[in-house]
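For the single chain, residues carry numbers from 1 onward in sequence order.
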Amino acid sequence: MTRTAVYPGSFDPITRGHEDLVRRSLRFADRVIVAVAENGTKEPLFTLEEGVAVAGKVLRGQGQGHAEIRTFGVLLVDFAREVSADVA
């Protein structure tokens, strides 16, 4: 059974603290989806595409499981259902 966790946020920018939480999450989840929220009301430091690219570089090779970065613009509960998350 594959356990999927969702870690939502703006990640603008992604920090060492975010990286640490992803690494720790991979201890109990086989797959961690770093869900970058599309938020039109904030004044971001990076564009959504730049933020996803930076997060991908930071999280490459984390832990024994699999971390992936995805964007979402729907309610978190709907996104979690879409990706079949067990943990959010």
Which atom names give the shortest non-hydrogen contact between Ser84 and Thr4, and what distance separates them?
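Closest pair (atom of Ser84, atom of Thr4, distance): O-CB, 3.9 Å.
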Work out which heavy atom in Phe46 is nearest to a heavy atom in Pro13; give both atom names and the distance.
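Taking Phe46 first and Pro13 second, the nearest heavy atoms are CE1-CB, 3.5 Å.
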Tell me every residue that passes side chain to side chain contact (heavy atoms under 4.5 Å, CB included) with [X], counting only those two or more places apart in sequence or in another chain.
X     : answer
Pro44 : Asp12
Thr71 : Val36, Glu38, Leu48, Val52
Leu21 : Tyr7

Partners passing side-chain hydrogen bond (donor to acceptor under 3.5 Å, both in side chains) against Arg24 (at least two apart in sequence or in another chain):
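If we apply the side-chain hydrogen bond (donor to acceptor under 3.5 Å, both in side chains) test to Arg24, skipping adjacent residues, the hits are Asp20.
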Could you list the residues that satisfy side-chain hydrogen bond (donor to acceptor under 3.5 Å, both in side chains) with Arg27, not counting sequence neighbours?
none
Checking Leu59 against Ile14 for the side-chain contact (heavy atoms from CB on, under 4.5 Å) test, could you report, in this order, the C-alpha distance in whole Å, the side-chain angles of both residues, the deciding distance, and whether it holds?
CA-CA 10 Å; Leu59 298 176; Ile14 193 164; 4.1 Å; yes
Between Val6 and the options Leu76, Val87, Asp86, the side-chain contact (heavy atoms from CB on, under 4.5 Å) test singles out Leu76
Connecting only ILVMFWY residues whose side-chain heavy atoms lie within less than 4.5 Å of each other, what is the rest of Leu75's hydrophobic cluster?
Val77
Salt bridge (Lys or Arg N to Asp or Glu O under 4.0 Å) pairs, two or more places apart, involving residues 69-83:
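As it turns out, the salt bridge (Lys or Arg N to Asp or Glu O under 4.0 Å) pairs with a partner in residues 69-83, which skip direct neighbours, are Arg70-Glu82, Asp78-Arg81.
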Apply ring pair (Phe, Tyr, Trp, His ring centres under 6.0 Å) to Phe79 and list each qualifying residue two or more places apart in sequence or on a separate chain.
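Testing Phe79 for ring pair (Phe, Tyr, Trp, His ring centres under 6.0 Å), a comparison that skips the adjacent residues, returns Phe72.
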Residue pairs fulfilling side-chain hydrogen bond (donor to acceptor under 3.5 Å, both in side chains) with at least one residue in residues 43-53, sequence neighbours excluded
Thr47-Glu50
